[in-house]
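Inspection log for the structure reproduced underneath, given as structure tokens.
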Number of protein chains: 2
Amino acid sequence: MRTQKAGKANDETTRQRVVRSAIERFADKGFHGTGIRDLAEAAGLTTSTLYHYMANKDDLLVEIMESAIAPLKRAAEQILETHPDPAVALASIVEHHVWAHASDRLACIVTDTEVRALSGERLDRVMALRDAYEGVWKRAVAAGISAGIFHADAPGVAARALLQMATGVSHWFSPSGSLKLDELCRFYSDGALGFLKARKPDGSALERADLELPAPNHYLG
Amino acid sequence: MRTQKAGKANDETTRQRVVRSAIERFADKGFHGTGIRDLAEAAGLTTSTLYHYMANKDDLLVEIMESAIAPLKRAAEQILETHPDPAVALASIVEHHVWAHASDRLACIVTDTEVRALSGERLDRVMALRDAYEGVWKRAVAAGISAGIFHADAPGVAARALLQMATGVSHWFSPSGSLKLDELCRFYSDGALGFLKARKPDGSALERADLELPAPNHYLG
DNA sequence: GTCTATATACAGATAGAC
DNA sequence: GTCTATCTGTATATAGAC
């Protein structure tokens, strides 16, 4: 049996297999709906051996969530710093989010739905990360309103509405659906500009097609 | 002790207390995160007595979900039948949904997040109801596109995006927030029209302020 | 690093007295 | 309609041999 010896680059370590199969079960049946025996079976281990690869079930969940949110936050911050045009920045943040939530669906479902399974210091850490990411969205919307490009009475509410809309992609996206992934990203960023009533200086609607954006998967953490 | 004898109209029966406190616990800790003993304690009963008021935990969850979705579906269908203008119909459906999800937050959270706790015939029933409700949203969006009022490449995706956006309200709304409930409803319906690029015959943007809508709580099941 | 065996607590649900 | 007492299964986690 291989353990951690060098292998081909796409070989999965036991540790990675534990995390990946846990994501699948948590996404399907929920954190509390998945037992230690389920996790062990899914990873092809006994429960005792499973505990060699994780401290406990709670910490495994926290790691899954932090691994999902932290790269999103880093990318969004980088986008906001890089692009002075608020419309470009917001559209790019939306597209990156949609791209990530369609590409890594199950981890995003777990992250989005199992926060309430945590408590104490674990909950605090995940919430802080989540709030920080939401804060980037709010700053992006607020910047567009300050610049007179977006028009919305409640920037915080608008940011949350768009974030929740884009997060929902993880619950239904399929590569075999009517929209390809890059089309889906454009659809959501264009819709977000519409939601925010983005306008050009002449007052006409500013659309996604008017913008030059980096590829949605350009900002990989 | 009162049981089912007549009392003042706002007296809560034991049965209603069981359902209400179950909604609170399920919304807070999740279905699998809430034990029978938690439910009994929350309702001020022993576990045995709790079983006098419900068949089992699964059926209690199904009842909570059906009680939340069925009125939404009925209202949306009635709105769609009543209003020939697709912009009015869609905006009204959005406002009713937001109003319900802000007014009855906890039941909507449970309904939105615990579908995966069900299986078999229970899952089938709830999914059928949910799909039927989503279908009304899709028909509303499609009607607007056919009429040349909305402009979106993927009506099904747009409907789901708007539905998920509006559903998110249940996760954060507070009556003490920056927007009052009726303002929130208008904010979301206006945003939805923007997302769908609603246009007047002259090509200018069609906004919520251009429409005459019934009150968001007009369609009560 | 993997196993068998097990500790301890709690899950959902019921029996049967009053 | 409410209770005490309890059944049976499963939960998370660990001990200690190999």
Side-chain angles (χ1 to χ4, degrees), chain A residues 1-7 11-23 25-26 28-64 110 114 116-123, chain B residues 1-7 11-26 28-65 110 114 116-123:
Chain A
M1 293 277 169
R2 300 183 57 258
T3 55
Q4 273 140 293
K5 297 193 207 90
D11 264 2
E12 193 182 45
T13 65
T14 304
R15 165 76 191 177
Q16 289 168 335
R17 195 172 74 246
V18 165
V19 173
R20 182 182 50 76
S21 56
I23 289 171
R25 299 299 168 116
F26 290 164
D28 183 31
K29 289 294 173 190
F31 179 76
H32 289 305
T34 306
I36 293 293
R37 287 164 183 76
D38 299 318
L39 291 178
E41 188 187 26
L45 304 170
T46 62
T47 62
S48 307
T49 307
L50 175 64
Y51 275 92
H52 181 77
Y53 292 99
M54 68 179 200
N56 54 60
K57 207 182 151 193
D58 284 353
D59 281 347
L60 181 62
L61 178 60
V62 170
E63 194 204 306
I64 290 168
V110 174
E114 294 298 350
R116 66 183 168 194
L118 296 173
S119 62
E121 192 256 348
R122 291 186 183 89
L123 177 62
Chain B
M1 294 280 170
R2 301 183 58 257
T3 55
Q4 273 139 297
K5 297 192 207 89
D11 264 0
E12 192 182 46
T13 64
T14 303
R15 165 77 191 176
Q16 289 167 334
R17 198 172 71 246
V18 166
V19 173
R20 183 182 49 75
S21 56
I23 289 170
E24 291 168 4
R25 299 299 169 116
F26 289 165
D28 183 30
K29 289 294 171 190
F31 179 75
H32 288 305
T34 305
I36 292 293
R37 287 160 184 79
D38 299 318
L39 291 179
E41 188 187 27
L45 304 170
T46 62
T47 62
S48 307
T49 308
L50 175 63
Y51 275 93
H52 181 79
Y53 292 98
M54 68 177 198
N56 54 60
K57 208 182 150 194
D58 285 352
D59 281 346
L60 181 62
L61 178 60
V62 169
E63 194 204 306
I64 290 168
M65 290 179 166
V110 174
E114 294 297 351
R116 66 182 168 193
L118 297 173
S119 62
E121 192 257 347
R122 290 185 184 91
L123 177 62

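To find a chain, count down the sequence lines: A is the first, B the second, and so on, and within it residues start at 1.
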Interatomic distance, A/Asn56 CG vs D/dA11 P [rounded to whole Å]: 17 Å

Has the side chain of A/Lys29 got a donor or acceptor atom that lies under 3.5 Å from a matching backbone atom of A/Gly35? no

Interatomic distance where CZ belongs to A/Phe31 and C1' belongs to D/dA11 [whole Å]: 12 Å

Write down the distance between CG (B/Leu60) and P (C/dG12), rounded to a whole number of angstrom. 12 Å

Candidates D/dA13, C/dA13, C/dT2 - which lies nearest the side chain of B/Arg37: C/dA13

Using whole Å, what does the distance between atom P of nucleotide C/dA13 and atom CG of B/Leu39 come to? 10 Å

OP1, OP2 of D/dT2 versus side-chain N and O of B/His52: anything below 4.0 Å? no

Of the candidate nucleotides D/dA13, C/dT2, C/dT4, which contains the atom at the shortest distance from the side chain of A/Ile36? D/dA13

Euclidean distance, atom CG of residue A/Leu50 to atom C1' of D/dA11 [Å, nearest integer]: 14 Å

Between NZ of A/Lys57 and P of D/dT10 the distance, given in whole Å, is 15 Å

Tell me: CG of B/Asp59 to P of C/dA13, nearest whole Å? 9 Å

Return yes if some donor-acceptor pair links the side-chain N/O of B/Glu41 with the main-chain N/O of B/Asp38 below 3.5 Å, else return no. no

Any side-chain to backbone donor/acceptor pair from A/Arg17 onto A/Ala43? Under 3.5 Å, distance only. yes

Give the nucleotide from the list C/dT14, D/dA13, D/dT2 with an atom nearest to the side chain of B/Tyr51. C/dT14

For the side chain of B/Thr46, starting at C-beta, report the closest nucleotide among C/dC3, D/dT4, D/dT14. D/dT4

Check A/Thr34 against A/Arg25 and note the closest heavy-atom contact, atom names and distance. OG1-O, 3.3 Å

Rounding to a whole Å, what distance do you find between B/Lys29:NZ and C/dC10:P? 15 Å

Closest to the A/Ser48 side chain, choosing from C/dC3, C/dT14, D/dA13: C/dC3

If I compare all heavy atoms of A/Tyr51 with all of A/Asn56, which pair ends up nearest, and what's the gap? CE2-CA, 4.1 Å

